[in-house]
Number of protein chains: 2
Amino acid sequence: MLSSRAKYATRALLDMTLHYEEGPVQIQDIAHRQNIPVKYLEQILLLLKVAGFVMSRKGPGGGYHLSRSPDDITLGAVVRAMDGPLAPMSCVSISGYSECGCPHPDTCGLRLAWKEARNAIADVLDGTTFTMIRDNQHQLQDLLRQDPMIATIMDDENSSTKN
Amino acid sequence: MLSSRAKYATRALLDMTLHYEEGPVQIQDIAHRQNIPVKYLEQILLLLKVAGFVMSRKGPGGGYHLSRSPDDITLGAVVRAMDGPLAPMSCVSISGYSECGCPHPDTCGLRLAWKEARNAIADVLDGTTFTMIRDNQHQLQDLLRQDPMIATIMDDENSSTKN
DNA sequence: ATTTAGTCTACTGATTTAGTAGACTAAATA
DNA sequence: TATTTAGTCTACTAAATCAGTAGACTAAAT
(Lines give C-alpha, C1' and ligand atoms only; values in the text may rest on other atoms or scores of the structure.)
Protein backbone atom coordinates (compact mmCIF):
# COMPACT_ATOMS: atom_id res chain seq x y z
CA MET A 1 0.00 0.00 0.00
CA LEU A 2 1.32 3.39 -0.97
CA SER A 3 1.61 6.15 1.63
CA SER A 4 -0.92 8.92 2.01
CA ARG A 5 1.92 11.18 0.97
CA ALA A 6 1.85 9.52 -2.45
CA LYS A 7 -1.92 9.60 -2.46
CA TYR A 8 -2.06 13.34 -1.76
CA ALA A 9 0.82 14.09 -4.13
CA THR A 10 -0.91 12.41 -7.04
CA ARG A 11 -4.22 14.07 -6.22
CA ALA A 12 -2.50 17.45 -6.07
CA LEU A 13 -0.78 16.91 -9.39
CA LEU A 14 -4.04 15.83 -10.97
CA ASP A 15 -5.63 19.00 -9.65
CA MET A 16 -2.85 21.06 -11.19
CA THR A 17 -3.26 19.16 -14.43
CA LEU A 18 -6.94 20.09 -14.49
CA HIS A 19 -5.98 23.75 -14.02
CA TYR A 20 -2.90 23.60 -16.21
CA GLU A 21 -4.04 26.31 -18.65
CA GLU A 22 -4.83 28.79 -15.88
CA GLY A 23 -2.07 30.44 -13.87
CA PRO A 24 -0.62 29.21 -10.60
CA VAL A 25 -3.03 27.58 -8.18
CA GLN A 26 -2.80 28.15 -4.45
CA ILE A 27 -2.13 25.50 -1.84
CA GLN A 28 -5.39 26.30 -0.07
CA ASP A 29 -7.44 25.82 -3.21
CA ILE A 30 -5.84 22.49 -4.00
CA ALA A 31 -6.29 21.40 -0.40
CA HIS A 32 -9.96 22.31 -0.34
CA ARG A 33 -10.82 20.83 -3.71
CA GLN A 34 -8.89 17.62 -3.10
CA ASN A 35 -9.70 17.23 0.56
CA ILE A 36 -6.11 17.31 1.82
CA PRO A 37 -4.85 18.82 5.15
CA VAL A 38 -3.37 22.19 4.17
CA LYS A 39 -0.24 22.09 6.29
CA TYR A 40 0.54 18.57 5.18
CA LEU A 41 0.05 19.50 1.56
CA GLU A 42 2.56 22.32 1.97
CA GLN A 43 5.27 19.80 2.79
CA ILE A 44 4.28 17.51 -0.01
CA LEU A 45 4.34 20.30 -2.58
CA LEU A 46 7.81 21.19 -1.37
CA LEU A 47 8.88 17.62 -2.05
CA LEU A 48 7.28 17.73 -5.48
CA LYS A 49 9.16 20.94 -6.15
CA VAL A 50 12.51 19.48 -5.13
CA ALA A 51 11.73 16.48 -7.33
CA GLY A 52 11.18 18.84 -10.26
CA PHE A 53 7.48 18.25 -10.93
CA VAL A 54 6.22 21.68 -9.95
CA MET A 55 7.32 25.32 -9.69
CA SER A 56 6.12 27.96 -7.29
CA ARG A 57 5.73 31.70 -7.02
CA LYS A 58 5.45 33.65 -3.81
CA GLY A 59 3.28 36.65 -3.10
CA PRO A 60 -0.09 37.79 -4.45
CA GLY A 61 -1.13 35.90 -7.56
CA GLY A 62 1.42 33.27 -6.68
CA GLY A 63 0.96 29.57 -6.13
CA TYR A 64 2.02 26.31 -7.71
CA HIS A 65 1.99 25.09 -11.28
CA LEU A 66 3.39 22.08 -13.13
CA SER A 67 6.96 22.65 -14.24
CA ARG A 68 6.33 20.69 -17.44
CA SER A 69 3.48 19.31 -19.50
CA PRO A 70 1.28 16.76 -17.70
CA ASP A 71 2.09 14.64 -20.72
CA ASP A 72 5.64 14.34 -19.42
CA ILE A 73 4.78 13.43 -15.84
CA THR A 74 4.10 9.79 -15.11
CA LEU A 75 2.47 8.22 -12.10
CA GLY A 76 5.53 6.02 -11.71
CA ALA A 77 7.93 8.92 -11.39
CA VAL A 78 5.77 10.60 -8.78
CA VAL A 79 5.27 7.46 -6.73
CA ARG A 80 9.01 6.82 -6.73
CA ALA A 81 9.70 10.37 -5.61
CA MET A 82 7.27 10.01 -2.70
CA ASP A 83 7.63 6.38 -1.62
CA GLY A 84 10.90 5.15 -3.11
CA PRO A 85 11.43 2.14 -5.37
CA LEU A 86 8.40 0.28 -6.72
CA ALA A 87 10.14 -3.01 -5.92
CA PRO A 88 8.11 -5.33 -3.67
CA MET A 89 11.37 -6.60 -2.15
CA SER A 90 14.69 -4.89 -1.54
CA CYS A 91 16.53 -7.57 -3.51
CA VAL A 92 14.99 -6.33 -6.76
CA SER A 93 15.67 -2.64 -6.27
CA ILE A 94 18.97 -1.19 -7.45
CA SER A 95 19.87 -0.01 -3.98
CA GLY A 96 19.43 -3.34 -2.21
CA TYR A 97 20.49 -6.37 -4.21
CA SER A 98 22.48 -8.17 -1.53
CA GLU A 99 20.75 -6.96 1.61
CA CYS A 100 17.76 -9.30 1.55
CA GLY A 101 19.36 -11.92 3.81
CA CYS A 102 18.48 -14.65 1.37
CA PRO A 103 21.01 -17.54 1.44
CA HIS A 104 21.62 -17.48 -2.34
CA PRO A 105 20.33 -14.25 -3.93
CA ASP A 106 22.00 -15.05 -7.25
CA THR A 107 19.95 -18.20 -7.81
CA CYS A 108 16.85 -17.32 -5.81
CA GLY A 109 13.65 -18.33 -7.55
CA LEU A 110 11.63 -15.89 -5.51
CA ARG A 111 13.79 -13.02 -6.63
CA LEU A 112 12.81 -13.75 -10.23
CA ALA A 113 9.14 -13.56 -9.34
CA TRP A 114 9.54 -10.32 -7.39
CA LYS A 115 11.35 -8.90 -10.38
CA GLU A 116 8.47 -9.77 -12.67
CA ALA A 117 6.03 -8.18 -10.25
CA ARG A 118 8.09 -5.03 -10.11
CA ASN A 119 8.31 -4.84 -13.87
CA ALA A 120 4.57 -5.34 -14.22
CA ILE A 121 3.77 -2.52 -11.83
CA ALA A 122 6.44 -0.28 -13.34
CA ASP A 123 5.05 -0.85 -16.83
CA VAL A 124 1.63 0.37 -15.74
CA LEU A 125 2.71 3.32 -13.63
CA ASP A 126 5.48 4.49 -15.96
CA GLY A 127 3.06 4.20 -18.85
CA THR A 128 0.44 6.41 -17.25
CA THR A 129 0.79 10.16 -17.67
CA PHE A 130 -1.29 12.80 -15.93
CA THR A 131 -2.75 13.76 -19.28
CA MET A 132 -4.08 10.24 -19.58
CA ILE A 133 -5.44 10.34 -16.06
CA ARG A 134 -7.20 13.64 -16.77
CA ASP A 135 -8.69 12.34 -20.02
CA ASN A 136 -9.90 9.15 -18.40
CA GLN A 137 -11.50 11.15 -15.64
CA HIS A 138 -13.36 13.38 -18.11
CA GLN A 139 -14.58 10.31 -19.95
CA LEU A 140 -15.88 8.80 -16.73
CA GLN A 141 -17.65 12.04 -15.89
CA ASP A 142 -19.31 12.11 -19.32
CA LEU A 143 -20.48 8.54 -18.92
CA LEU A 144 -21.89 9.23 -15.50
CA ARG A 145 -23.65 12.36 -16.76
CA GLN A 146 -25.36 10.38 -19.50
CA ASP A 147 -26.55 7.61 -17.23
CA PRO A 148 -26.25 8.05 -13.45
CA MET A 149 -27.26 4.43 -12.90
CA ILE A 150 -24.09 3.19 -14.57
CA ALA A 151 -21.90 3.95 -11.58
CA THR A 152 -22.33 0.72 -9.67
CA ILE A 153 -22.23 -1.36 -12.82
CA MET A 154 -18.96 0.21 -13.88
CA ASP A 155 -17.44 -0.64 -10.58
CA ASP A 156 -18.52 -4.25 -10.75
CA GLU A 157 -17.19 -4.65 -14.25
CA ASN A 158 -13.88 -2.96 -13.78
CA SER A 159 -12.80 -4.40 -10.49
CA SER A 160 -11.79 -8.02 -10.30
CA THR A 161 -12.88 -9.85 -7.22
CA LYS A 162 -9.26 -10.12 -6.16
CA ASN A 163 -7.96 -7.61 -3.70
CA MET B 1 7.53 -2.79 -0.19
CA LEU B 2 6.27 -6.02 1.31
CA SER B 3 6.89 -6.77 4.99
CA SER B 4 9.64 -9.03 6.22
CA ARG B 5 6.83 -11.24 7.42
CA ALA B 6 5.88 -11.83 3.77
CA LYS B 7 9.53 -12.21 2.84
CA TYR B 8 10.14 -14.89 5.48
CA ALA B 9 6.82 -16.61 4.81
CA THR B 10 7.59 -17.03 1.12
CA ARG B 11 11.13 -18.20 1.86
CA ALA B 12 9.80 -20.75 4.35
CA LEU B 13 7.23 -22.05 1.88
CA LEU B 14 9.87 -22.32 -0.82
CA ASP B 15 12.00 -24.30 1.61
CA MET B 16 9.11 -26.64 2.31
CA THR B 17 8.50 -26.96 -1.41
CA LEU B 18 12.12 -28.04 -1.88
CA HIS B 19 11.61 -30.69 0.81
CA TYR B 20 8.06 -31.57 -0.18
CA GLU B 21 8.77 -35.27 -0.84
CA GLU B 22 10.44 -35.78 2.53
CA GLY B 23 8.44 -35.76 5.76
CA PRO B 24 7.79 -32.77 8.00
CA VAL B 25 10.59 -30.25 8.34
CA GLN B 26 11.37 -28.58 11.63
CA ILE B 27 11.19 -24.89 12.33
CA GLN B 28 14.84 -24.79 13.33
CA ASP B 29 15.95 -26.36 10.07
CA ILE B 30 13.96 -23.94 7.97
CA ALA B 31 15.21 -21.05 10.03
CA HIS B 32 18.85 -22.07 9.66
CA ARG B 33 18.67 -22.85 5.97
CA GLN B 34 16.70 -19.72 5.10
CA ASN B 35 18.39 -17.38 7.54
CA ILE B 36 15.28 -16.40 9.50
CA PRO B 37 15.05 -15.66 13.26
CA VAL B 38 13.65 -18.85 14.80
CA LYS B 39 11.17 -17.30 17.22
CA TYR B 40 9.84 -14.98 14.56
CA LEU B 41 9.48 -17.86 12.11
CA GLU B 42 7.37 -19.72 14.70
CA GLN B 43 4.79 -16.98 14.60
CA ILE B 44 4.82 -16.78 10.84
CA LEU B 45 4.33 -20.52 10.45
CA LEU B 46 1.37 -20.28 12.79
CA LEU B 47 -0.12 -17.65 10.51
CA LEU B 48 0.55 -19.82 7.47
CA LYS B 49 -1.17 -22.67 9.27
CA VAL B 50 -4.25 -20.62 10.09
CA ALA B 51 -4.32 -19.49 6.48
CA GLY B 52 -4.34 -23.13 5.39
CA PHE B 53 -1.01 -23.34 3.57
CA VAL B 54 0.73 -25.70 5.96
CA MET B 55 0.04 -28.40 8.52
CA SER B 56 2.04 -29.31 11.58
CA ARG B 57 2.79 -32.25 13.83
CA LYS B 58 4.04 -32.04 17.36
CA GLY B 59 6.54 -34.29 19.08
CA PRO B 60 9.53 -36.24 17.82
CA GLY B 61 9.61 -36.56 14.07
CA GLY B 62 7.16 -33.71 13.89
CA GLY B 63 7.44 -30.39 12.08
CA TYR B 64 5.75 -28.53 9.27
CA HIS B 65 4.76 -29.56 5.77
CA LEU B 66 2.69 -28.06 2.98
CA SER B 67 -0.99 -28.86 3.36
CA ARG B 68 -1.39 -29.12 -0.43
CA SER B 69 0.71 -29.40 -3.55
CA PRO B 70 3.09 -26.48 -4.17
CA ASP B 71 1.36 -26.38 -7.52
CA ASP B 72 -1.75 -25.11 -5.76
CA ILE B 73 -0.08 -22.40 -3.70
CA THR B 74 0.46 -19.07 -5.38
CA LEU B 75 2.69 -16.22 -4.34
CA GLY B 76 -0.34 -13.93 -4.50
CA ALA B 77 -2.33 -15.93 -1.98
CA VAL B 78 0.57 -16.00 0.46
CA VAL B 79 1.32 -12.30 0.15
CA ARG B 80 -2.34 -11.45 0.75
CA ALA B 81 -2.42 -13.68 3.83
CA MET B 82 0.63 -11.93 5.25
CA ASP B 83 0.27 -8.32 4.12
CA GLY B 84 -3.35 -7.89 3.12
CA PRO B 85 -4.69 -6.66 -0.23
CA LEU B 86 -2.28 -6.16 -3.12
CA ALA B 87 -4.01 -2.86 -3.91
CA PRO B 88 -1.68 0.15 -3.99
CA MET B 89 -4.53 2.32 -2.69
CA SER B 90 -7.43 1.54 -0.39
CA CYS B 91 -9.93 2.77 -2.98
CA VAL B 92 -9.19 -0.23 -5.21
CA SER B 93 -9.41 -2.90 -2.54
CA ILE B 94 -12.75 -4.49 -1.77
CA SER B 95 -12.63 -3.40 1.82
CA GLY B 96 -12.04 0.29 1.20
CA TYR B 97 -13.81 1.72 -1.81
CA SER B 98 -15.20 4.88 -0.28
CA GLU B 99 -12.63 5.53 2.44
CA CYS B 100 -9.96 7.16 0.31
CA GLY B 101 -11.13 10.72 1.00
CA CYS B 102 -11.14 11.51 -2.70
CA PRO B 103 -13.80 14.10 -3.63
CA HIS B 104 -15.35 11.95 -6.38
CA PRO B 105 -14.27 8.30 -6.12
CA ASP B 106 -16.78 7.20 -8.73
CA THR B 107 -15.21 9.27 -11.49
CA CYS B 108 -11.64 9.45 -10.22
CA GLY B 109 -9.09 9.03 -12.98
CA LEU B 110 -6.42 8.04 -10.51
CA ARG B 111 -8.54 5.21 -9.21
CA LEU B 112 -8.59 3.69 -12.68
CA ALA B 113 -4.80 3.74 -12.82
CA TRP B 114 -4.43 2.23 -9.36
CA LYS B 115 -6.82 -0.49 -10.43
CA GLU B 116 -4.71 -1.30 -13.46
CA ALA B 117 -1.61 -1.44 -11.29
CA ARG B 118 -3.28 -3.78 -8.85
CA ASN B 119 -4.47 -6.06 -11.65
CA ALA B 120 -0.98 -6.14 -13.15
CA ILE B 121 0.62 -7.15 -9.89
CA ALA B 122 -2.15 -9.64 -9.12
CA ASP B 123 -1.76 -11.27 -12.53
CA VAL B 124 1.91 -11.91 -11.86
CA LEU B 125 1.66 -13.05 -8.25
CA ASP B 126 -1.51 -15.11 -8.70
CA GLY B 127 0.05 -16.71 -11.75
CA THR B 128 3.17 -17.82 -9.92
CA THR B 129 3.04 -21.11 -8.02
CA PHE B 130 5.70 -22.45 -5.70
CA THR B 131 6.31 -25.26 -8.14
CA MET B 132 7.23 -22.65 -10.73
CA ILE B 133 9.46 -20.85 -8.27
CA ARG B 134 11.25 -24.09 -7.41
CA ASP B 135 11.73 -25.01 -11.06
CA ASN B 136 13.04 -21.58 -11.92
CA GLN B 137 15.46 -21.77 -9.04
CA HIS B 138 16.78 -25.16 -10.19
CA GLN B 139 17.23 -23.79 -13.68
CA LEU B 140 19.18 -20.82 -12.36
CA GLN B 141 21.38 -23.15 -10.32
CA ASP B 142 22.08 -25.29 -13.38
CA LEU B 143 23.01 -22.24 -15.42
CA LEU B 144 25.32 -20.98 -12.71
CA ARG B 145 26.94 -24.38 -12.36
CA GLN B 146 27.72 -24.48 -16.07
CA ASP B 147 29.22 -21.01 -16.19
CA PRO B 148 29.93 -19.20 -12.92
CA MET B 149 30.74 -16.00 -14.81
CA ILE B 150 27.16 -15.66 -16.01
CA ALA B 151 25.88 -14.40 -12.67
CA THR B 152 26.51 -10.69 -13.13
CA ILE B 153 25.39 -10.81 -16.76
CA MET B 154 22.11 -12.42 -15.81
CA ASP B 155 21.44 -9.72 -13.35
CA ASP B 156 22.14 -6.96 -15.85
CA GLU B 157 19.91 -8.52 -18.44
CA ASN B 158 17.00 -9.34 -16.26
CA SER B 159 16.69 -6.17 -14.25
CA SER B 160 15.49 -3.02 -15.89
CA THR B 161 17.19 0.16 -14.80
CA LYS B 162 13.97 1.26 -13.19
CA ASN B 163 13.60 0.71 -9.49
C1' DA C 1 8.87 -40.04 32.68
C1' DT C 2 11.42 -37.77 29.49
C1' DT C 3 12.45 -35.74 25.38
C1' DT C 4 11.09 -33.47 21.35
C1' DA C 5 8.80 -30.11 18.83
C1' DG C 6 5.05 -27.04 18.02
C1' DT C 7 1.68 -23.30 20.48
C1' DC C 8 0.28 -19.31 22.65
C1' DT C 9 0.55 -14.81 24.87
C1' DA C 10 2.81 -10.91 26.24
C1' DC C 11 6.03 -7.51 25.83
C1' DT C 12 9.33 -4.11 23.80
C1' DG C 13 12.47 -0.99 21.26
C1' DA C 14 12.83 1.27 17.08
C1' DT C 15 11.01 3.32 13.21
C1' DT C 16 7.72 5.43 10.39
C1' DT C 17 3.60 7.91 9.45
C1' DA C 18 0.58 11.48 9.26
C1' DG C 19 0.08 15.04 10.57
C1' DT C 20 0.33 20.17 13.64
C1' DA C 21 2.47 24.51 14.95
C1' DG C 22 4.65 28.50 14.24
C1' DA C 23 8.08 31.59 12.83
C1' DC C 24 10.24 33.28 8.51
C1' DT C 25 10.91 35.03 3.59
C1' DA C 26 9.82 36.92 -0.79
C1' DA C 27 6.77 39.25 -4.05
C1' DA C 28 3.28 42.44 -5.22
C1' DT C 29 0.92 46.73 -4.64
C1' DA C 30 -0.98 50.78 -2.62
C1' DT D 1 7.78 51.89 2.34
C1' DA D 2 4.09 49.37 4.85
C1' DT D 3 0.99 45.84 4.23
C1' DT D 4 -0.87 41.90 2.52
C1' DT D 5 -0.42 37.65 0.28
C1' DA D 6 1.42 33.29 -0.37
C1' DG D 7 5.11 30.02 -0.20
C1' DT D 8 9.27 28.08 3.00
C1' DC D 9 11.50 25.96 6.63
C1' DT D 10 12.17 23.59 11.03
C1' DA D 11 10.64 21.36 14.91
C1' DC D 12 7.68 18.59 17.31
C1' DT D 13 4.42 14.72 18.43
C1' DA D 14 0.76 11.11 18.98
C1' DA D 15 -0.26 6.87 17.23
C1' DA D 16 0.58 2.89 14.78
C1' DT D 17 3.22 -0.71 12.96
C1' DC D 18 7.15 -3.65 12.65
C1' DA D 19 10.36 -6.90 13.75
C1' DG D 20 11.45 -9.22 16.65
C1' DT D 21 12.39 -11.53 21.94
C1' DA D 22 10.96 -14.17 26.03
C1' DG D 23 8.97 -17.64 28.34
C1' DA D 24 5.59 -20.67 29.86
C1' DC D 25 2.56 -24.31 27.97
C1' DT D 26 0.80 -28.49 25.31
C1' DA D 27 0.91 -32.65 22.73
C1' DA D 28 3.20 -36.67 20.73
C1' DA D 29 6.55 -40.27 20.77
C1' DT D 30 9.37 -43.67 23.09
Side-chain angles (χ1 to χ4, degrees), chain A residues 1-12 15-16 19 22-32 34-51 53-67 79 82-85 88-90 99-101, chain B residues 1-12 15-16 19 22-32 34-51 53-67 79 82-85 88-90 99-101:
Chain A
M1 200 81 93
L2 299 176
S3 68
S4 78
R5 201 168 51 249
K7 179 172 76 177
Y8 294 152
T10 51
R11 285 233 288 268
D15 192 273
M16 294 164 78
H19 297 85
E22 313 161 26
V25 287
Q26 287 146 33
I27 298 180
Q28 295 238 345
D29 294 344
I30 301 177
H32 289 147
Q34 297 297 327
N35 193 29
I36 304 171
V38 185
K39 293 298 281 182
Y40 198 21
L41 181 57
E42 285 181 5
Q43 293 178 25
I44 292 166
L45 287 171
L46 243 14
L47 291 178
L48 288 174
K49 188 182 173 185
V50 169
F53 297 112
V54 299
M55 302 185 80
S56 64
R57 249 178 63 184
K58 285 182 173 181
Y64 276 93
H65 58 107
L66 298 183
S67 62
V79 168
M82 295 298 110
D83 284 14
M89 289 286 170
S90 65
E99 65 166 52
C100 74
Chain B
M1 200 80 91
L2 299 177
S3 68
S4 78
R5 201 167 51 248
K7 181 172 74 177
Y8 294 151
T10 52
R11 285 233 288 268
D15 192 273
M16 294 164 78
H19 298 84
E22 313 161 28
V25 286
Q26 287 147 32
I27 298 180
Q28 294 238 346
D29 294 343
I30 300 177
H32 289 147
Q34 297 297 327
N35 193 28
I36 303 171
V38 185
K39 292 298 282 182
Y40 198 21
L41 181 57
E42 285 182 6
Q43 292 179 25
I44 292 166
L45 287 171
L46 243 15
L47 291 178
L48 289 175
K49 187 183 174 183
V50 169
F53 298 112
V54 297
M55 303 186 79
S56 63
R57 249 178 65 182
K58 285 183 175 182
Y64 277 94
H65 58 106
L66 298 183
S67 63
V79 168
M82 295 299 109
D83 285 13
M89 288 287 169
S90 66
E99 63 165 52
C100 75

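Order of the sequence lines fixes the chain letters, A, B, ..., with proteins taken first and strands second; residue numbering starts at 1 for each chain.
Spacing between atom CE of B/Met82 and atom C1' of D/dA19 amounts to 15 Å, rounded to whole angstrom units. The CD-C1' distance, from B/Gln26 to C/dT4, rounds to 8 Å in whole Å. When the C1' atom of C/dA10 is taken as reference, atom CG of B/Leu46 falls 15 Å away, rounded to whole Å. Distance, B/Ile36 CD1 to D/dA19 P: 13 Å, rounded to whole Å. Residue A/Ile44 contributes atom CD1, which lies 16 Å from atom C1' of D/dC9 at whole-angstrom precision. Atom pair A/Asp29:CG and D/dT5:P shows a separation of 14 Å (rounding to whole Å applied). At whole-Å resolution of the value, CD1 in A/Ile30 and P in D/dA6 are 13 Å apart. Rounded to an integer number of Å, the gap from CG of B/Leu47 to P of D/dA19 is 13 Å.
Using a 4.0 Å heavy-atom criterion, one finds that A/Lys7 contacts no nucleic acid atom at all. If you check every strand for non-hydrogen atoms under 4.0 Å, A/Leu45 touches nothing.
Summarising the geometry of B/Pro24 relative to B/Gly61, their closest heavy-atom pair is CG-O, 3.8 Å, with the distance given to 0.1 Å. Taking all atoms of both residues into account, the shortest heavy-atom contact from A/Ser67 to A/Met55 is CB-CG, 3.3 Å. Minimum heavy-atom separation, B/Lys49 to B/Ser56: NZ-OG, 3.0 Å.
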Each nucleotide of nucleotides 20-30 of chain C classed B (base within 4.0 Å of a protein heavy atom), S (only sugar-phosphate) or -, in 5' to 3' order, makes BBB--BSBS--
Polar-atom pairs under 3.5 Å, protein N or O versus N or O of nucleotides 13-16 of chain C: list them with distances, or write none.
none

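Nucleotide D/dC25: paired with C/dG6 (Watson-Crick or G-U wobble, both distances less than 3.5 Å). Pairing partner, D/dT30: C/dA1, with both Watson-Crick or wobble hydrogen-bond distances short of 3.5 Å.
Sequence order on DNA chain D of the closest nucleotides to A/Ser56 and B/Ser3 puts A/Ser56 first from the 5' end. Ranked by how close their nearest DNA chain C nucleotide is to the 5' end, B/Gln28 and A/Leu2 are led by B/Gln28.
A distance of 11.5 Å separates CG in B/Asn35 from CG in B/Leu41, rounded to the nearest 0.5 Å. Atom OH of B/Tyr8 and atom CG of B/Asp15 lie 14.5 Å apart (nearest 0.5 Å).
Between A/Tyr8 and the phosphate of C/dG19, there is a side-chain N or O to OP1/OP2 separation shorter than 4.0 Å. A close approach under 4.0 Å does not occur between any side-chain nitrogen or oxygen of B/Ser4 and OP1 or OP2 of D/dC18.
The shortest distance between side-chain heavy atoms of B/His65 and B/Val25 does not fall below 4.5 Å. Two residues are said to be in side-chain contact when any heavy atoms from C-beta on lie closer than 4.5 Å; A/Val54 and A/Met16 meet this criterion. The shortest side-chain heavy-atom distance between B/Met82 and B/Leu47 falls under the 4.5 Å cut-off.
Not counting sequence neighbours, A/Tyr64 has no partner by the ring pair (Phe, Tyr, Trp, His ring centres under 6.0 Å) test.
Side-chain N or O atoms of B/Ser4 include none that pairs as donor or acceptor with a backbone N or O of B/Lys7 at under 3.5 Å.
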